[in-house]
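Counting from 1, the numbers follow the sequence of the chain as shown. Both ligands and their constituent atoms are indexed starting at 1 by order of listing. This is a predicted model, so every value here is computed, not measured.
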Amino acid sequence: MLIRHRTPMDLLSSEITSKTVYQQRREFLKAAGLYGAAAFFSPHVQAAAATAYEPVPDRSAMPRFLKEKLAARRVATRPFPEELTPYDAVSTYNNFYEFGLEKDDPAQNAGNMRLDPWSVRVDGLCEKPGLYTLEDILRPHTLEDRIYRLRCVEAWSMVVPWLGFPLADLVRRFQPGSNARYVEFTTLHDSAQMPGQRSSGLPWPYVEGLRLDEAMHPLAMLAVGVYGRSLPPQNGAPLRLVIPWKYGFKSIKSIVRIRFTETLPGTTWARIAPSEYGFYANVNPAVDHPRWTQKRERRLPGGLFTPNWRETQMFNGYAREVASLYRGMDLKRHF
Ligand code: MTE
């Protein structure tokens with residue numbers, strides 16, 4: 001079934017429509033006017049061509065434990081074969097519908113989000129339910145840099161140096177029961193702070209989920225930072241998921257609840273348009289979105305006149321690592 005009504009995800013840079021051109025023109029103008037020369041000469045951008053990067057200065061007020069964790073991070077040494085997307089693009093071209101529908105809304109509207117204190121409720125089928133502060137969550141983990149591709153279902157992509165720790169290490173601490181098959185994540189629901197929750201038509205709060213074995217995969221991570229600094233609010237501070245082999249909408253931001261379940265979680269996009277956004281959402285160039293191709297993607301930043309198109313890879317280039325999770329499954333049906 002083709003969903004006729006438009007959802008926020010339909011603001012597509014992949015659609016060749018006047019809206020797209022308009023949005024790209026705005027991006028182009030913004031790039032030229034707002035951070036024009038800086039975008040070409042700032043240390044972050046120069047670092048983009050290298051495998052490592054210059055940490056971006058962090059002037060945000062953050063709790064001491066987080067500052068200490070970030071300072072003690074394990075720096076990435078493994079070279080990444082593709083250019084990093086500059087920090088300016090990573091932190092201004094966002095999807096975070098709680099703060100608005102346009103790509104630059106989150107950067108403009110999320111600045112005053114209250115990040116401290118922050119806690120996460122853990123419940124459902126596990127031995128260690130409870131309300132955990134962010135400090136509790138982070139305490140035993142060493143933060144590490146991980147450079148991953150991020151492929152949005154809207155057919156744009158980035159390469160981002162996240163800073164975080166394996167999701168599996170956290171899940172193990174809560175001791176899921178033998179009957180737990182899924183883990184569900186929920187974003188903060190606070191319309192006083194999140195203007196998008198007052199106006200746009202998604203059913204709030206934003207919910208995502210993974211099969212438990214997906215959550216335990218070593219590539220699945222929880223991020224608290226990016227480019228060597230704490231996460232800016234628009235990127236999902238203070239705690240977000242990063243699942244690099246799945247479309248970006250699985251990488252839920254600003255998590256306040258983790259719940260272990262026996263049944264498939266009712267996730268936001270799969271509920272709104274189940275024929276367009278499946279629960280698995282594995283990046284798959286062989287399964288097109290009903291209204292656009294998933295065979296290629298536009299790598300950001302790129303410009304109005306130089307869109308940086310590239311072929312989309314199965315599981316976003318992580319097939320060697322994750323394909324075995326889906327052995328025997330029909331990925332056209334379980335998309
Ligand atoms: N999480 C919440 N709570 N709300 C959102 O709107 N958007 C998703 C995902 N996580 C979203 C979210 C989508 S569609 C994408 S592509 C990524 O966040 C974008 O992450 P980024 O803005 O850090 O690039």
Worksheet entry | Aromatic ring proximity, centroids under 6.0 angstrom, Tyr206 and Tyr97 | no
Item to complete: Under 4.0 Å, heavy atoms only, figure out whether ligand 1 is touched by the backbone of Asn95, its side chain, both or neither.
Response: both
Item to complete: Answer with yes or no whether the side chains of Tyr227 and Arg229 bring together a donor and an acceptor at under 3.5 Å.
Response: no
Worksheet entry | Short side-chain to backbone donor-acceptor contact, Arg151 and Phe315, under 3.5 Å | no
Item to complete: Would you mind listing which atoms of ligand 1 come within a distance below 4.0 Å of any non-hydrogen atom of Cys152?
Response: 16 (S)
Item to complete: Using non-hydrogen atoms of the residue, decide whether Arg240 is closer than 4.0 angstrom to ligand 1.
Response: yes
Worksheet item: Does the cation-pi check pass for Lys253 over Phe185, that is, NZ or CZ under 6.0 Å from the six-membered ring centre and within 45° of its axis?
Response: no
Discussion item. Evaluate Gln234 for polar contact with ligand 1, using N/O atom pairs at a separation under 3.5 Å.
Written reply: no
Worksheet entry | Sub-3.5 Å N/O-N/O distance, Tyr93 and ligand 1 | no
Discussion item. With rounding to the nearest 0.5 angstrom, report the CZ to CD1 distance, Phe165 to Ile137.
Written reply: 6.5 Å
Discussion item. Could you work out, for atom 2 (C) of ligand 1, the closest of Trp269, Tyr206, Phe249 by heavy-atom distance?
Written reply: Tyr206
Fill in: Under 4.0 Å to a heavy atom of Asn94 - the qualifying atoms of ligand 1, by number
21 (P), 22 (O), 23 (O)
Practice prompt. Answer yes if the ring centres of Trp156 and Tyr93 are under 6.0 angstrom apart, and no otherwise.
Written response: yes
Worksheet item: So does Arg291 pair up with Glu276, basic N to acidic O under 4.0 Å?
Response: yes
Discussion item. Check this for me - ligand 1, Lys253, N or O atoms closer than 3.5 angstrom, yes or no?
Written reply: yes
Discussion item. I need the contact type for Glu98 against ligand 1. Using non-hydrogen atoms and a strict under-4.0 Å cut-off, is it side chain, backbone, both or neither?
Written reply: side chain
Worksheet item: For ligand 1, which atoms sit closer than 4.0 Å to a heavy atom of Thr187?
Response: 3 (N)
Worksheet, complete the sentence: ligand 1 atoms nearer than 4.0 angstrom to some heavy atom of Tyr97 are 5 (C), 6 (O)
Item to complete: Determine, using heavy atoms of Gly236 and all atoms of ligand 1, whether some pair is separated by less than 4.0 Å.
Response: no
Worksheet item: Counting heavy atoms only, which part of Leu150 comes closer than 4.0 Å to ligand 1: side chain, backbone, both or neither?
Response: side chain
Worksheet entry | Positive for side chain to side chain contact (heavy atoms under 4.5 Å, CB included) with Trp245, one of Met314, Glu321, Gln313, His217 | His217
Response to the item:
Quick note on ligand 1: atoms under 4.0 Å from a heavy atom of Ser251 include exactly 9 (C), 10 (N), 18 (O)
Worksheet item: With a distance cut-off below 6.0 Å to the six-membered ring centre and an angular limit of 45° from the axis, does Arg139 pair with Tyr132 as a cation-pi contact?
Response: no
